Amino acid sequence: MEYNFRTIEQKWQQYWGETNAYKVSNNSPRPKYYVLDMFPYPSGAGLHVGHPLGYIASDIFARFKRLKGYNVLHPMGYDAFGLPAEQYAIEHGVHPAESTKKNIENFRKQLDKIGFSFDWSREVNTSDPQYYKWTQWIFLQLFKSWYNRENDKAESIDTLVAIFEKDGNQSVNYYDAALFSADEWNTFSEKEQQDILMQYRLCYCGYGEVNWCEALGTVLANDEVVNGVSERGGYPVVKRKLRQWYLRITEYADRLLRGLDNVDFSDAMKDMQSNWIGKSYGAEIDFAIRSDKFATIEDEQRRKLKVYTTRPDTIYGVDFMVVAPEHELIDLLTTDEQREAVDEYLAYVKSRSERERMAEKKITGVFTGGYAINPFNNRHIPVWISEYVLAGYGTGAIMAVPCGDERDFKFAKHFDIPITNIIGEHFNGEEANPTKDAMLTNSDFLDGMLMRDAMKVVMDDLEGYGKGKRKVNYKMRDAAFSRQRYWGEPFPIIWKDGIAYPLDESELPLELPYVEKYGPGPEGEGPLANVKEWSLIPSPSPQVEKGALGAANVPKYSVYTPAQYELAKQMRKEHTEAEEILWQALRNNQLGVKFRRQHPIDAFIVDFVALQNKLVVEVDGGYHETEEQKLYDENRTKVLNEIGFTVIRFTNEEILHNLDASLNIIKEAINLEVAPNPLSTRGEGQGVRETNTMPGYAGSSWYFLRYMDPHDDAIFCSREASDYWNQVDLYIGGTEHAVGHLLYSRMWTKFLYDLDYIGFDEPYRRLLNQGMIQGSSRFVYRFEPLEISVNTSSPIFISHGLYEQWKEGNLSTPTILDLLNEIIPNYCNKENYSKAKILISKLHVDVNIVDGVELDIEAFKKWRNGEYANAEFILEDGKYICGIEVEKMSKSKFNTVNPDDLVNKYGADTFRMYEMFLGPVEQSKPWDTKGIEGVHRFLKKLWRLFFDELKGKVWNEEKATSQELKVLHKAIQKIEADTERFSFNTAVSAFMVCVNELSDLKCQKREILEPLLILLTPYAPHIAEELWKQLSNQSSVLDASYPKLEEKYLIESTKEYPVSINGKMRTSVVLPADVEQEQAVEAVMNNEVVQKWTVGKQVKKFIFVKNKMVNVVV
RNA sequence: GCCCGGAUGGCGGAAUUGGUAGACGCGCCAGACUCAAAAUCUGGUUCUCGCAAGGGAGUGCAGGUUCGAUUCCUGUUCCGGGCACCA
């Protein structure tokens, strides 16, 4: 009987399925253990061998714990919302729900073949309304909560309202809101009250910058933006402020930091998270600024440049200031001479993504022309703008101390800014020195003080004189929680008159409407904004009928017809007096904003427009008094509003007689900076649904809880279930989730804990990071056709070794041409040899048709539908050898290996063990199918301990010898310990060693083999179950109990000690196990080899480490 | 740029707390079985000098600490992951 893995694996997978072998109960007398894999996104490309790595590891551990007597929860599900499905829908017209469903089916099929012990009755899918009902529900709880810093926890917003009603906001003035009293609160309108509350909510609405691509009409992810243009199509991308939802994760910053002390994550992971949170202690310092634009002293007093610094001790070393390009004071600081340079620089920055800005090595910046005043010595300090200062961090402005900060130093050098040395000899003029231990110089009253000590002195001084204050700062920002996309959870929010009203919980789930088109909505809103019958509540929508206006069907303001353009040009010449006066006041950026006049927008040509601010200004003549014209104006305004423009209308009279007042109105509109919430102007008093959707991490922030109680209709997870399963005991996934998913889910857990829905505030007790499996790409080398060669349809490929020789110049052109002529007669005439210019291109070839490095030429000819059917090859040693490079595993590089193929060829058990055998699970490594044979051989060798091809069953009931027991218990010891510490690769080796040794001993005894099968069950469950049943066991091996290590079988009476002379291994001596130093000295010194090395030399030292080694120093 | 990893034979890797560098597997070489091949089995395999015995070198690179360093420290190079709208 031979090892027929296909039959065996199919048989037991079916058996385990039918017997519900993996179904887990929430009631068990056994201790619980929760093993979780990071939520997979079911991509259309299916599984490649990199995906199951973590799942196999977790499966081994889950099965191991089960054998150890635990009730183990090991679930699987799908993070099914996401961009790729939506992108696929846009490109192929397949609804994301459909493609996702298909992908999941495919995923499941692939997973099933590998023999995982998932309890599929607990499967979850984030895009299932029964699941996202609870994602929406948790969002509502976040929306209805605020963070009470006094109690250091989230509370219902009602407690905040109670505080406002009683005392106003004096005690809870967190987010730079204006102060108000209880009386004032009570007289506020509902809108005013709700606007204030919105600022406090844990999920709140604000404005944030996004990558906006006008041509695609959509917001792009950072990695969809390459060099300032969209990845798809290469269209320009700019920053644009859009209304966004935010998660107030910053309130949890400190708890997220402290919580790291109570979890078992790697130090690297903890470092990454705490660096991300970025807690720092420092000071905020106010610098007065000089500007001739200040009308009064009060103005000057009011508008200070606030910086955040962790080094207030260096205050006398400040040689310049740098503000972020988005800083609000730039306009004020910029002098007329510098205006042009500043504008140019800001335009440049606007085209760059945040990532590019941070990654840029090149130093860029521009001087504003303005100065700030050092509050300590009244020194005038030039203010610069540079992209390396980010608006979101600190105050968006820094005081630069070039002698102490490397980046400041480089900036000063680059722009020739003189450097003040405040650390004396510690600064060498060549590079900055960030020391805190130098004695201060050039620092007035701080001179001679240690920098460390000066920090406190400066901060006390700042606070004493009201020039600044101590401040704890976090690098972490609130997390953007909305996406302008279709394929995500809809927000259970209805806007009415600019107020966000939550849906009643009984109305959940708010289902995603089915759509046919996935294009972006107006004004950077999500595609849902196009679904009027869904978003407007109730219908009908007061839509403007375009035909009635004679409007062309022109959707975007940036797109207009040549005819319109000509008309606009004409109209510019025919301006009225009022228009001309206003134009003179608006032109040349006098308000800090660029206006255009007579510019086409949609179907209209408007009088004036500030495109960036989405502001239209119209100046109406007397004829606007007619009824007909009034109606037209009204409709025109409506359409402009619809596409996000604010419209201000003046009469000729107003401009001519009160220009200042008119300008003030325009200024006010500009200061809004962003267009008002489009949802507050649409729908005319009726409700409008929120049309953004939630981000990918919404559903994945709490999924581990749903697995505990996946079918509960009453709550996201019953307290009973979460009390029983509690934290995830082992969480396995990649480091790429270090600061995204892991921080969000930790925050949600803390939030749900604050509201007392669960009893623990850290989701994952222990985290294991799996490495990435990289692809090992193979290359072939193709000649580009020579101009002088005969025309041939045969592409010619050259083997890697020869290609390398050619590349290094060791293979001359004539030699190559000779080779070519050999393959294709008369390929190139000898006379033309000197004119030939050889070009060889390197092409990816499918790794699955390459055996190691040798190309399967026949398979290659059939590859890609016979694209290379008539290819010719220049071989080396009769073979075509491919080049190798390690790259990311991806379809486009033809280096993906499908687990299905390997499972078909070798079986799931072999595949599982091989994935583990490849190396430490935490480490990244390239995939190489080659070695899988060795593991397969091991399983066959194990099989032969039970069955002989000819003799049939060969195991026996004989008593085991002590030598055999030693082999077994050595294996138990090693495999148990290795599994416990996730060193699966060495455990697989230990199995091999054990089976090798048993084979050598010809041991086929049940007493030894049976425990070995249990050891093997987590790794290769199918073969273990088969052999287990063959040994006539009735129950499943899955529920056997793990063999117990008996130390007594391992005791040795002697030990072979390595002997080193001067630390270099020379020989070894066998000594009794309980040997003491004196005996050891004697035995070692009498050793022949030792004597050879020590003869004529004095022994200086004799080092004896019991059970380790001996070292003789001469 | 910043944060976090990694680097050991031809290849994947082992060496758990500073104590015999290269376990186990692949590949390669030789042999057995076979008409032959596959499969299987046996032996060898870091490099280098040497017939051998035996010696020398060796864990990315340059230093340091130590009786002893793949392991600890300093510096450095290269590769991988993350950097807030991929999930």
Side-chain angles (χ1 to χ4, degrees), chain A residues 38-41 43 79 81-84 87 208 210-211 219-225 244 266-272 274-276 278 354-355 357-362 388 392 406-407 476-480 482-485 695-697 700 734-741 743 769 771-772 774 776 852 884 886 888 914 917-920 922-928 930-935 937-938 940-941 944 949 977-978 981 983 985-986 988-993 996 999 1056-1068 1100-1103 1105 1107-1114:
Chain A
M38 279 187 192
F39 224 7
Y41 176 78
S43 98
D79 188 10
F81 276 132
L83 209 48
Q87 194 53 42
V210 293
N211 301 312
V219 175
L220 296 177
N222 273 334
D223 59 342
E224 293 177 301
V225 184
Q244 301 285 351
S266 69
D267 286 342
M269 177 60 64
K270 289 184 182 183
D271 279 355
M272 272 190 266
S274 50
N275 289 338
W276 181 264
E354 194 165 328
R355 190 171 313 175
R357 281 173 58 180
M358 286 189 295
E360 188 57 80
K361 287 183 199 175
K362 208 172 68 196
Y388 78 83
E406 195 53 41
R407 210 154 35 164
M476 184 164 69
R477 318 198 283 259
D478 282 339
S482 48
R483 302 289 182 260
Q484 289 69 48
R485 306 284 187 185
Y697 66 82
S700 62
T735 49
E736 67 270 23
H737 298 286
V739 291
H741 161 65
L743 278 177
N769 291 119
M772 236 191 199
Q774 294 150 323
S776 179
I884 304 185
V886 173
K888 216 175 170 138
Y914 183 57
F917 186 62
L918 223 47
E922 307 95 315
Q923 228 167 72
S924 292
K925 58 240 151 188
W927 177 266
D928 182 11
K930 206 84 204 171
I932 197 168
E933 300 267 1
V935 175
R937 252 171 243 161
F938 151 75
K940 285 202 269 191
K941 197 165 179 179
R944 284 200 302 275
E949 244 175 273
D978 282 357
R981 70 189 174 99
S983 179
N985 56 327
T986 53
V988 175
S989 298
F991 278 116
M992 290 173 171
V993 171
N996 286 346
S999 298
E1056 188 179 341
Y1057 278 83
V1059 177
S1060 302
I1061 314 293
N1062 287 342
K1064 200 143 185 66
M1065 222 292 267
R1066 293 298 174 186
T1067 186
S1068 62
K1100 280 196 200 146
K1101 212 168 176 182
F1102 189 94
I1103 293 156
V1105 184
N1107 281 323
K1108 290 274 188 212
M1109 48 67 72
V1110 170
N1111 188 15
V1112 183
V1113 185
V1114 293

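Please read these numbers as outputs of a predicted model, since none were measured by experiment. Chain naming here is simple, since letters A, B, ... match the order of the sequence lines and numbering starts at 1 in each.
For A:N1062 and B:G68, the shortest distance from a side-chain N or O to OP1 or OP2 is not below 4.0 Å. Regarding contacts with the backbone of B:G56, a side-chain N or O of A:R1066 is found under 4.0 angstrom from either OP1 or OP2. Taking side-chain N and O atoms only, A:N996 has a distance below 4.0 Å to OP1 or OP2 of B:G25. Residue A:R937 places no side-chain N or O under 4.0 Å from the OP1 or OP2 atom of B:C41. For the pair A:R483 and B:C86, the criterion of a side-chain N or O lying under 4.0 Å from OP1 or OP2 is not met.
No side-chain donor-acceptor contact under 3.5 Å links A:T735 and A:N769.
With P as the reference atom, B:G10 and B:A23 are 14 Å apart, rounded to whole Å.
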Donor-acceptor contacts, no H, no angles, side chain residues 1057-1065 of chain A, under 3.5 Å, sequence neighbours left out:
from	atom 1	to	atom 2	distance (Å)
A:Y1057	OH	A:N1107	N	2.9
A:N1062	OD1	A:V1114	N	3.0

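Scanning for salt bridge (Lys or Arg N to Asp or Glu O under 4.0 Å) contacts around A:R937 gives an empty result, with sequence neighbours left out.
Checking B:C41, B:A84, B:A15 against every side-chain atom of A:R981, the shortest atom distance belongs to B:A15.
Regarding the sugar-base torsion, B:G31 falls in the anti class, its angle being beyond 90° of 0.
Nearest-nucleotide positions on RNA chain B place A:D978 closer to the 5' end than the other of A:V1113 and A:D978. Of the two residues near RNA chain B, A:F39 and A:L918, the one whose nearest nucleotide lies more 5' is A:L918.
One N or O on the side chain of A:R485 and one on the backbone of A:V219 form a donor-acceptor pair closer than 3.5 Å.
Remark: B:G5 base-pairs with B:C79; criterion is Watson-Crick or G-U wobble with both hydrogen-bond distances under 3.5 Å.
Distance A:Y1057 OH to B:C67 C1': 17 Å, rounded to the nearest Å. In this structure, the CD atom of A:Q923 is 9 Å from the C1' atom of B:A7, given to the nearest Å.
Base contact: A:Q484 has a heavy atom under 4.0 Å from a base atom.
Looking at A:N275, its side chain has no donor and acceptor atom pair within 3.5 Å of the base of B:C3.
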